[in-house]
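A short write-up of the structure that comes next.
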Amino acid sequence: MKFVYADNAATTKMSEASKQALIQTIDNYGNPSSLHNMGVKAFYAIDEARNKIAKALGSAGNELYFTSGGSESDNWAIKGFAENMKKKGKNHIISSAFEHHGILHTLSALEKQGFEVTYLPVYQDGYVRIDDLKAAITDKTGLVTIMYANNEIGTIQPISEIGSVCREKGIVFHTDAVQAVGHVEIDVKKQNIDLLSLSAHKFHGPKGIGALYIRKGILLSNLLEGGAQERGKRAGTENTASVVAAAVALEEALTDLDEKNKRVAAMRDRLIDGLLKIERSRLNGSRSPRLAGNVSVCFEGVEGEALLLSLDLVGISASSGSACTSGSLDPSHVLLALGLPHEIAHGSLRLSLSEYNSEEDVDYILSVIPGIIERLRDMSPVWEDIKENESKETKDTKKDN
Amino acid sequence: MKFVYADNAATTKMSEASKQALIQTIDNYGNPSSLHNMGVKAFYAIDEARNKIAKALGSAGNELYFTSGGSESDNWAIKGFAENMKKKGKNHIISSAFEHHGILHTLSALEKQGFEVTYLPVYQDGYVRIDDLKAAITDKTGLVTIMYANNEIGTIQPISEIGSVCREKGIVFHTDAVQAVGHVEIDVKKQNIDLLSLSAHKFHGPKGIGALYIRKGILLSNLLEGGAQERGKRAGTENTASVVAAAVALEEALTDLDEKNKRVAAMRDRLIDGLLKIERSRLNGSRSPRLAGNVSVCFEGVEGEALLLSLDLVGISASSGSACTSGSLDPSHVLLALGLPHEIAHGSLRLSLSEYNSEEDVDYILSVIPGIIERLRDMSPVWEDIKENESKETKDTKKDN
Amino acid sequence: MAYSDLVMEHFKNPRNVGKIDDADGIGEVGNAKCGDIMKMYIKVKDDIITDVKFNTYGCASAIATSSIATEMIKGKPLDEALKLTNKAVVEALDGLPAVKVHCSVLAEQAIKAAIADYYKRKGIEKEVDTSCGEGHCCCNRQD
Amino acid sequence: MAYSDLVMEHFKNPRNVGKIDDADGIGEVGNAKCGDIMKMYIKVKDDIITDVKFNTYGCASAIATSSIATEMIKGKPLDEALKLTNKAVVEALDGLPAVKVHCSVLAEQAIKAAIADYYKRKGIEKEVDTSCGEGHCCCNRQD
Ligand SMILES: Cc1ncc(COP(=O)(O)O)c(C=O)c1O
Ligand SMILES: Cc1ncc(COP(=O)(O)O)c(C=O)c1O
């Protein structure tokens, strides 16, 4: 059976170069805090990786701190800066309605502590509006946190504009760039980003390693107290191998990025066009600007999990926004934030491509999806109702004529 | 040149089996939260690893939560339970004077928030006393956190006794067992341990992966908010490969543990005996109970870093408690807690062996250390003073006679 | 979260899918807002369920519980079918992930609703408990 | 933290280690509590440092800074030696980790203390600033 991995927004396959770097670095097992030669070697390996990643973001090595992934970076950025805000008498944070749970749940925790949070709407097209941002700012606002690109629908937010507004107003700007790093060009200095979260497993690096960019001069309290690692800001014996592998993966991801993105976007567009030919389907969020690999569609009368498991049975790994694992009966908060009704949001499918996908993958996906949807709709009482209403309407229209 | 790695308390070389498990699992790259086959495979791999590790600790799989390492586990246990204490009107925590910084710095952060912390003394032998513990308990005490074995001097604390006292008094007991797991037999149920931190890189597993055992019924607030991973208690895409490799490493470490420990302890004892033959040397902490691999000695008139770098030049990786990297001029807080004067504590050397070391390693270490110490003492004004005082005393004694 | 092999088997090859045009009773439960709707059709002869079919909109476990539930009541007397519990359905499938147990409740309710409908059509006065016992909010269709 | 190759070279093969039994000046700074003591011996002829030796108890960078500092003043006039700054020592070693910069201060102070001792023995009235300029607390021996 053909196998197509189209769940790259969930996680990616490690690149061969990154994997080899990991394996090799494992043998250089010294603790980077140890003073002997093995430790010093590890120390330098981390230093080099840090500088590489920092450079790729337009920042300096001493502004980059390694973490265990995107969630930790998000938690640290927000909780850490919130402590700072308290001291300055600020208590208002601006975010968006469709952030990742790493942000949203952290913000809820802060709300319980008395912080106030404004969640900007993202409208049907999936973008925050600069005017909404400006209108939300008060003299109590200390932090704006808006994701770079949405993980479910791939829409890329107006980060540079948000950065300008925040810098002008003296508000610190964090962006959860977990879906963006390695996929779009980022320059934290030019874009006036103060804090940025990234996670290596989203760009063909290892899982369990991420980083937080902290612009020089921004003070965060520590989330993980302890040893003097990461210049005293993040305790824990450094994961040298993963750090090195992350840097290799990022370097590789950014090589010929435009070219790769063009190729991936062409596949994405062919997928979108093909899927939208299916009756009662719709694209979630605007077509552009959108991550080169993101396809997010809803099919009426079909439930997302059943759809993705059907795809899995024919070798296609995909995802649905229907939050099946979360224990909630609600569909994804992202799709609801776009204003989709529950019953439509339940029918969502996310296909996320990477440069490892091929045109044949697209052909294959397009060849099997219509049949799967037909099968599921055939047994769906919801679809039956839709069809009945349709024919009633046709009759009504006929009557009206 | 011969190479001897004797810094296993800092970190260990990955076992071949653990490394192979890591490499193989990397190819099973699905996100464990994904519903498709690749995700499910990863989910089961984690489940199996979780059960293996839990079983090795005498706990159930649903009581074990993966983290990024010992520091995160320590921070989570203490900060997470502190939130719970607040709700119950408790504000007193008991710890020891020579905990790891992952504990001590977390406790300082809580002290700033109004918590009160009692640091039990550890005396010259390096153990907390049960009577001290009992005397420290008040009706405000909610948590006791005492490390299982000390990372610098290897003394193993009376964990079962501490567990009994705490259980009797209804106080939650956390132990930082980062140095103990994989090296001594642990049974959290029998020992009445409620919370336990571990880190895989201390038992030939990968770096950047650890766990927190949370006894069923103990409520901790989350440290990392976000996705529903780890049953909603610890967000972040799971590091499947490292989790699997950690379980493999632990299983291996515990196989024939007694036998291995006997062999390692014999090497340790030979090292201690050999080093104590050097003039003006002393063992830090009592000889027993002590981790099978730990040798911690002080040499008067010699500074620890110079000693360990000299050892490094002849191929021996060791460590000193002199906190060289921490930016502090003070020697290790552990050695000071034993009551050692600063000038002696500065001359400390830690050699930490594992089952990967050989008798030849011991021979080699013992063959080179005396010469190195002699060379350093020869250029040491402190040693000069010591010798001058000695000869004065001898003269004085002669006069007295 | 992961499904048992049996759940996947019933999802792949659901038994008794379809409609019965001349059904003696039809039950429909769940609502699209929550992502699950089950519609159960029964033919009854001499108080025996001679045929049963279902249509389901929902996740894999909703389809699998519908499928196995129809198998469990086909050829059974109504009284026995009314005794089918969601627990029995879960067990028959070798378990369900905790977050999916509500699907088994839906299956139980769909059967009860179909039988209640049958009694109603026949004018038989019989209490059928179609309330949603275990605190699940999504058992009643309310589009 | 990692040392430059030059620091390691001076640590491995320190220059001018030892004592001068008939020294014209001896300076000792640092204290064992802080982990570093430097003792500097000088021979002086016609205001020129003709020989210099040191003994140091301390970390690798303490030994390396002592070593290079002795090299930097050997054969130099006293006035010039007094102008040797800790910065110059750090630069000569291709840098020191931030937490080790205090060692270079010690080296500077040890030289000054030795020269001050020389002046004192000779009865020469000359101010030598042996205070610890940059906020380091461990420059004065106080066992
Ligand atoms: C006793 C003890 N606790 C905690 C830690 C921290 O573990 P990690 O470095 O995995 O965060 C260590 C080792 O570094 C340790 O020895
Ligand atoms: C936008 C976004 N933020 C944060 C995260 C969390 O990253 P991680 O799983 O590495 O903790 C993810 C992915 O899971 C994400 O897509």
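Values below: all heavy atoms of this structure, side chains included; hydrogens, waters and symmetry mates excluded. In what follows, every chain begins at residue 1, and chains take the letters A, B, ... in the order their sequences are listed.
- Proximity to chain A (any heavy atom under 4.5 Å) is shown, for B/S317, by both the backbone and the side chain.
- Only the side chain of B/L22 comes within less than 4.5 Å of a heavy atom of chain A; its backbone N, CA, C and O stay farther away.
- Contacts of A/K41 classified as side chain to side chain donor-acceptor pair (under 3.5 Å), with partners at least two apart in sequence or in another chain: none.
- Looking at B/Q229, there are no atoms closer than 4.5 Å to chain A (heavy atoms on both sides), in backbone or side chain.
- Between chain A and the residues B/G227, B/G70, B/A318, the most heavy-atom pairs under 4.5 angstrom are made by B/A318.
- Of all heavy-atom pairs between B/E305 and A/L35, the closest is CG-CD1, 3.5 Å.
- Residue B/A10 touches chain A through both its backbone and its side chain, counting heavy-atom pairs closer than 4.5 Å.
- For B/T12, the part lying under 4.5 angstrom from a heavy atom of chain A is the backbone only.
- Closest approach of B/S68 to A/R234, counting heavy atoms only: OG-NH2, 3.2 Å.
- In this structure, chain A has a heavy atom under 4.5 Å from the side chain of B/I26, while its backbone stays farther away.
- Heavy-atom distances place both the backbone and the side chain of B/N31 under 4.5 Å from chain A.
- Checked by atom type and distance alone, the side chain of A/H105 pairs as donor or acceptor with a backbone atom of B/G226 at under 3.5 Å.
- Annotation: the span from A/K207 atom NZ to B/S242 atom OG amounts to 10.5 Å, rounded to 0.5 Å.
- Contact of B/K13 with chain A is made through backbone and side chain together, with heavy-atom distances under 4.5 Å.
- Residues B/A109 and A/E225 come closest through the heavy atom pair CB-OE2, 3.9 Å.
- For the pair B/Y29/A/K19, no side-chain contact is recorded, criterion being any heavy-atom separation below 4.5 Å from C-beta on.
- Of the two parts of B/D27, only the side chain, counted from C-beta on, holds a non-hydrogen atom closer than 4.5 Å to a non-hydrogen atom of chain A.
- Taking A/N28, A/D312, A/T11, A/T106 one by one and counting their heavy-atom pairs under 4.5 Å with chain B, the maximum is reached by A/D312.
- Two residues are said to be in side-chain contact when any heavy atoms from C-beta on lie closer than 4.5 Å; A/H36 and B/L309 fail this criterion.
- Highest contact tally toward chain A, considering only B/I316, B/L223, B/L104, is held by B/L223 [criterion: heavy-atom pairs under 4.5 Å].
- Minimum heavy-atom separation, A/S34 to B/D7: OG-OD2, 2.9 Å.
- If you measure heavy-atom distances from B/I23 to chain A, the contacts under 4.5 Å come from both the backbone and the side chain.
- For a residue to count as touching a neighbouring chain, one of its non-hydrogen atoms must lie under 4.5 Å from one of that chain's; by this rule B/N37 touches chain A with backbone and side chain alike.
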